[in-house]
**Q** 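This structure is in structure tokens; I'll ask about it shortly.
Proteins come first, then strands; the chains are lettered A, B, ... in the order of their sequence lines, and each starts at number 1.
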Amino acid sequence: MPELPEVETVRRGLQPVMEGARILRVETRRPDLRFPFPEHFAQRLAGHRIVSLGRRAKYLTAHIEDAPVLICHLGMSGSFRVEADDDAHAPGNFHHERPKAAAHDHVVFHLQQAQGGEARVIFNDPRRFGFMLFAENGIDEHPMLSGLGVEPTGNALDGKLLAELLRDRKSPLKAALLDQRLIAGLGNIYVSEALWRAGLLPTRPAGTIARRSSKAAQSSERLATAIRSVIADAIEAGGSSLRDYVQADGSLGYFQHSFSVYDREGAPCRTPGCTGHIKRIAQSGRSTFYCPVCQH
DNA sequence: CTGGGGACCTGCTAGC
DNA sequence: TGCTAGCAGGTCCCCA
């Protein structure tokens, strides 16, 4: 589920509830997610104020007064849900009941909000590929984050940098773009989407768009632009869906996209004038979608 | 160093 | 209807 844009959408959804709030109590409903929770996980958070929420690649970070940075990863199926005490007064809730715990609710943060009032932020993760860890010495020192590559947001990732990153690589473009040490935050969906926008075949050896020819320079420029625009558009789409979702049921992290190639096997290519149909292949055991006609 | 494959988990769907 | 195989948006680890 969550690639960079989804994680960013979750961050923006949690921000108004969590920033400035005091953590009253943390419940862990099992000893582990993908990894065991850190020693004294709940005790080290309880009583402290959340200063800010950040994001690095697909990792959420919570910066907390007098506590280590909390790192959260959503894995494949993780999501957050917000329950505010106002929910007890919502239409239809005549008995002021708290919403029931759902299956796979693994962590509950009980918060005293800056504006007054209490809220709960609940982490749900059926597959338990997600995790929560402390970065004792800051996020850049943490082994899971220290090796991450450039963010595809902002202007740092241009054609020149992308060409440097891909130069001499023999792996397919698909694999290179999934490598978090090069570009941090792309996942299986947005790699297919970006390569389609750039008109580049996922199977093409990555190094071939990084040679010192003007044609290669054009390709790396197009790909850098495609990556940045795909990510920016998805964050934008997440932002607009956020308004609806928070009101609806407090759940964050899932929203409807319209993908151009992902999960569109057999459907007509949407490149103007292109007569191709989307193909699906497996690369390193994972699905890749592309148009065999307009991607080269 | 690079690249590939398996492992970790549960839930949903297509197909018989 | 019920069962099963296959697939799912991530990452680590081991191996060549």
**Q** Considering only residues two or more places apart or on different chains, which pairs with a residue in residues 134-146 of chain A satisfy side-chain hydrogen bond (donor to acceptor under 3.5 Å, both in side chains)?
**A** A:R44-A:E136
**Q** Identify, with sequence neighbours excluded, every residue that meets side chain to side chain donor-acceptor pair (under 3.5 Å) alongside A:R280.
**A** none
**Q** Does A:Y59 form a side-chain contact (heavy atoms from CB on, under 4.5 Å) with A:I139? I'd like the steps, not just the answer.
**A** CA-CA 10 Å; A:Y59 298 84; A:I139 57 176; over 6 Å; no
**Q** Less than 3.5 Å between a donor and an acceptor, one on the side chain of A:R127 and one on the base of C:dA8, is that the case here?
**A** yes
**Q** Residues from residues 165-175 of chain A sitting under 4.0 Å of DNA chain B, heavy atoms only?
**A** A:R169, A:K170, A:S171
**Q** Mapping A:Q180 and A:S287 to their closest nucleotides on DNA chain C, which lands nearer the 5' end?
**A**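 Of the two residues, A:S287 wins.
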**Q** Any side-chain N or O of A:Y190 less than 4.0 Å from the OP1 or OP2 oxygen of C:dG9?
**A** no
**Q** The criterion is side chain to side chain donor-acceptor pair (under 3.5 Å); which residues satisfy it with A:S171, sequence neighbours excluded?
**A** none
**Q** Whole Å only: how far is the CZ atom of A:R264 from the C1' atom of C:dG9?
**A** 18 Å
**Q** A:T288: which residues meet the side chain to side chain donor-acceptor pair (under 3.5 Å) condition with it, sequence neighbours left out?
**A** A:K174, A:Q283
**Q** Fit a plane to each ring of A:F131 and A:H73, take the angle between them on a 0 to 90° scale, and name the class: parallel (under 30°), tilted (30 to 60°) or perpendicular (over 60°).
**A** parallel
**Q** Would you mind reading off the distance between A:K58 atom NZ and C:dG9 atom P, rounded to a whole angstrom?
**A**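 A:K58 atom NZ is separated from C:dG9 atom P by 10 Å.
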**Q** Would you say the ring centroid of A:F41 lies under 6.0 angstrom from that of A:F134?
**A**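 Yes, the ring of A:F41 comes within the 6.0 Å limit of the ring of A:F134, centre to centre.
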**Q** Could you give the CZ-to-C1' distance, from A:R280 to C:dC7, as a whole number of Å?
**A**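 Atom-to-atom, A:R280 to C:dC7, this comes out as 8 Å.
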**Q** How would you list, by chain and number, every residue that makes a side chain to side chain contact (heavy atoms under 4.5 Å, CB included) with A:A232, sequence neighbours excluded?
**A** none
**Q** State which residues pass side chain to side chain donor-acceptor pair (under 3.5 Å) with A:Q113; sequence neighbours excluded, sorted by chain then number.
**A**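 If we apply the side chain to side chain donor-acceptor pair (under 3.5 Å) test to A:Q113, skipping adjacent residues, there are no hits.
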**Q** Using only atom types and a distance under 3.5 Å, with no angle test, would you say the side chain of A:Q180 pairs donor to acceptor with the backbone of A:L178?
**A**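 Yes.
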**Q** Expressed as a whole number of angstroms, how long is the span from A:F259:CZ to C:dG9:P?
**A**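 Going from CZ in A:F259 over to P in C:dG9 covers 10 Å.
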**Q** Provide the start and end nucleotides, 5' to 3', of the part of DNA chain B that has atoms under 4.0 Å from heavy atoms of chain A.
**A**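 The protein-touched segment is B:dT2 to B:dG11.
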**Q** Can you tell me which residue pairs pass the salt bridge (charged side-chain N to carboxylate O under 4.0 Å, His left out) test with a partner in residues 184-208 of chain A, sequence neighbours excluded?
**A** A:R197-A:D233
**Q** Once you apply a heavy-atom cut-off of 4.0 Å, does A:G187 come out as touching a base, just sugar-phosphate, or nothing?
**A**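 It contacts sugar-phosphate atoms only.
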**Q** Just by modelled atom types, is the A:R25 backbone N or O under 3.5 Å from a matching donor or acceptor in the A:H110 side chain?
**A** no
**Q** Examine distances only and state if a side-chain atom of A:D125 and a backbone atom of A:G130 form a donor-acceptor pair shorter than 3.5 Å.
**A**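 Pair found, side chain donor or acceptor close to backbone of A:G130.
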**Q** Taking only nitrogen or oxygen atoms into account, show me every contact under 3.5 Å that the protein makes with nucleotides 12-16 of chain C, one pair per line with its distance.
**A**
| from | atom 1 | to | atom 2 | distance (Å) |
| --- | --- | --- | --- | --- |
| C:dC12 | O4' | A:R34 | NH2 | 2.7 |

**Q** My understanding is that only residues two or more places apart in sequence, or in another chain, count here; which of them pass ring-ring contact (aromatic ring centres under 6.0 Å, His included) with A:F259?
**A** A:H257, A:Y262
**Q** Over how many whole Å does the gap from A:I281 atom CD1 to C:dC7 atom C1' extend?
**A** 17 Å
**Q** So what's the dot-bracket for DNA chain C: Watson-Crick or G-U pairs under 3.5 Å, [ ] if a pair crosses, | if it pairs off-strand?
**A** .|||||||.|||||||
**Q** Rounding to an integer number of Å, can you tell me how far A:L33 CG sits from C:dT11 C1'?
**A**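 Whole-Å distance recorded here is 14 Å.
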**Q** Please report the distance, rounded to the nearest Å, between CZ in A:F129 and C1' in C:dG9.
**A** 12 Å
**Q** What is the distance, rounded to the nearest whole Å, between atom CE of A:M76 and atom C1' of C:dC7?
**A**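 Rounded to whole Å, this separation is 9 Å.
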